[in-house]
There are 2 protein chains.
Amino acid sequence: VTGPPLPGEFELIARYFAPLAAENPDALGLRDDAALFKPAPGAEMVATVDMLVAGVHFLADDPPDLIARKLLRVNLSDLAAMGATPRCYLLAMAVPKDIDAAWMESFAAGLAEDQAAYGVCLAGGDTTATSGPMTLSLTALGEVPAGEAIRRSTAGAGDDIYVSGTVGDAALAVAQMQGALGPQDADTHGQFLDRYRLPRPRVALGPALRGVATAAIDLSDGLVADLGHICETSAVGAEIRAAHLPLSPAGRKVVAAKPDLVRTVLAGGDDYELLFTADPAAADNVAAIAVRCDVPVTRIGRITAGSRVRVVDDESREIDLESPGYRHF
Amino acid sequence: VTGPPLPGEFELIARYFAPLAAENPDALGLRDDAALFKPAPGAEMVATVDMLVAGVHFLADDPPDLIARKLLRVNLSDLAAMGATPRCYLLAMAVPKDIDAAWMESFAAGLAEDQAAYGVCLAGGDTTATSGPMTLSLTALGEVPAGEAIRRSTAGAGDDIYVSGTVGDAALAVAQMQGALGPQDADTHGQFLDRYRLPRPRVALGPALRGVATAAIDLSDGLVADLGHICETSAVGAEIRAAHLPLSPAGRKVVAAKPDLVRTVLAGGDDYELLFTADPAAADNVAAIAVRCDVPVTRIGRITAGSRVRVVDDESREIDLESPGYRHF
């Protein structure tokens, strides 16, 4: 650490966090025991929490603004998966001694940037010291019209399975950092890393899918694992066509060179795209919503009876997947 | 670690945390992206988060059930201070490798015990590994009739200042662990330690004070520091009579033997009592509420014009306080 040290707890809040709450009447200026807000009439509240730990979810020397934005975005992605509109968030931080004022300034700037981008505000929080790695816990609160939240457990056999955007880049970034792609793919490094470091939560698409999607989840554990969560809670199976997976141009390039990487795409996490199901009769509606939200949406398979998630190749042969997604323990 | 290791993340949730959410329709069985709940008609939501870190807020070898209960209770105390009724909570945990199944079982049992005692339920959460100390982040969500939340910033000059229960035992527990009380007070150790380890959030008193208290805060940083928060946000001062501070029998005993310990009582944190203000005309009402809630309430001073918090002794001489409360940085 070379920069000025952090100020005390109250000054820390006043300097870096109160400005993030300034436009938010919910936050009471971060000066009360708790945040206070009035839900829209008839709304249901949606609440989610994600914890990111240095050395597990990010590197201690990652740019602080990107860490902050990823932390906020993974939570907004959870809200989007339920069709909810973000309302406000609470932030708890355990801060190691080697964090200086410059780090905190960059972290707060990242939050400010994404608050503006996504229309959310800090409503409350807690900061404490730790002898361990930086540990960040963000609770996001959103709203959804009563009865309209999109659930995981309501997919039906025969439903189409869709995914937004492209999948696999975040997992390919990890594979690339581990040297699994070979040096010839170095030109794709920045694109993969960008997706890994900065998810793009589908905050417009999620709410737009209310009443159309029969079930939804955001891709954090990996496509096959997350589809498995829908299937398990909905008591259905699924069949995915590997050839239909939407890859980025960079992803297509490396998978074409090393077809086995399709397993990385299927098992890898951190895509933060929406995986959702819909009645085949709603296909035109889904396509129109995708256009309206300016988010590509691709049909990648179908919900089946049974309980298995199968991935098949062009000749309908099942692809065996060794690792069904990242697990923390 | 001698016990069986922890299961994987999904099994961990299924075994220890899903049962804590079983009676709570809000939680969607912890199987969705987020918790979903419908606020009472016309209610405002109150949201608060506290983070506890091993080695900072508790000792790594403290009984896990007590750690869990303290974590939940400090948040319920924040809700009580705003007059809110608890609704549900979200829990994020960063778990070190040396935590075994027995630890987690005891931790979950502590939550189950206090869920039953306070009528709240787990609604969602996140678990992750960490290379550092156990880090726990709990977000509590409560409700209050619209416009009736008790704030910090609304105390007025001339208001009486009250505190619930007794103060100082938690700070005296710390002083005792540091050897400041001398061996002759060893018989009080258990009583002090019990208050330090297990706060008693005033969940009945807080909501009962809606419409009566002009301002409130819960005592976590220390009586003088927390009263300072009310004064700062309300733009008022305060005068406290040290002789009026309600001490426990054990607290009275050690302060009588060593009068200087009144500074410890005034500056020490972790009481988790409610400090609140009320119009002198409401004194009978406050007394009746205290009886109805079965919580002793003591008038300890008065809000003044100005901005200083003064503590005076029996002869109205000001007591100088060196340390205005515990700060984490």
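When reading the values below, keep in mind they use all heavy atoms of this one structure, side chains included, and skip hydrogens, waters and symmetry mates. All values derive from a computational prediction rather than experimental measurement. Naming: A, B, ... by sequence-line order, numbering from 1 per chain.
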Apply salt bridge (charged side-chain N to carboxylate O under 4.0 Å, His left out) to Lys38(B) and Glu44(A), showing your working. CA-CA 4 Å; Lys38(B) 186 146 183 52; Glu44(A) 282 179 298; over 6 Å; no
Relative to chain B, which segment of Ala94(A) carries a heavy atom at a distance below 4.5 Å: side chain, backbone, both, or neither? both
Tell me, out of Gly55(B), Ser153(B), Ala43(B), who's got the most heavy-atom pairs with chain A below 4.5 Å. Ala43(B)
So, does Asp100(A) use its side chain to make a donor-acceptor pair with the main chain of Ala102(A) at under 3.5 Å? yes
Fit a plane to each ring of Phe17(A) and Phe107(A), take the angle between them on a 0 to 90° scale, and name the class: parallel (under 30°), tilted (30 to 60°) or perpendicular (over 60°). perpendicular
Side chain, backbone, both or neither: which part of Val53(B) has a heavy atom under 4.5 Å from chain A? side chain
I'd like to know if the side chain of Thr214(A) and the backbone of Thr277(A) have a donor-acceptor N/O pair within less than 3.5 Å. yes
Which answer fits Ala140(B), side chain, backbone, both or neither, if we ask what part of it has an atom under 4.5 Å from a heavy atom of chain A? neither
If we ignore hydrogens and angles and just use 3.5 Å, is the side chain of Asp218(A) paired with the main-chain N or O of Leu275(A) as donor and acceptor? no
Toward chain A, the part of Ala84(B) with a non-hydrogen atom under 4.5 Å: neither
Among Ala81(B), Pro41(B), Pro133(B), Ser77(B), which residue forms the greatest number of heavy-atom pairs with chain A at distances under 4.5 Å? Pro133(B)
Can you tell me if Glu273(B) and Ser164(B) form a side-chain donor-acceptor pair at under 3.5 Å? yes
By a 4.5 Å heavy-atom criterion (distance strictly below it), what part of Leu91(B) contacts chain A: side chain, backbone, both, or neither? backbone
Specify which of Leu90(A), Ile230(A), Leu79(A) makes the most heavy-atom pairs with chain B at under 4.5 Å. Leu90(A)
Arg73(A) side chain to Pro199(A) backbone, donor-acceptor under 3.5 Å: yes
Pick whichever of Gly42(A), Ala47(A), Pro39(A) has the most heavy-atom pairs under 4.5 Å with chain B. Ala47(A)
Which region of Glu232(A), side chain (C-beta onward) or backbone (N, CA, C, O), has a non-hydrogen atom less than 4.5 Å from a non-hydrogen atom of chain B, or is it both or neither? both
Who wins among Gly125(B), Ala216(B), Gly142(B) for the most heavy-atom pairs under 4.5 Å with chain A? Gly125(B)
Distance-only donor-acceptor check, side chains His229(A) and Asp221(A), under 3.5 Å: yes
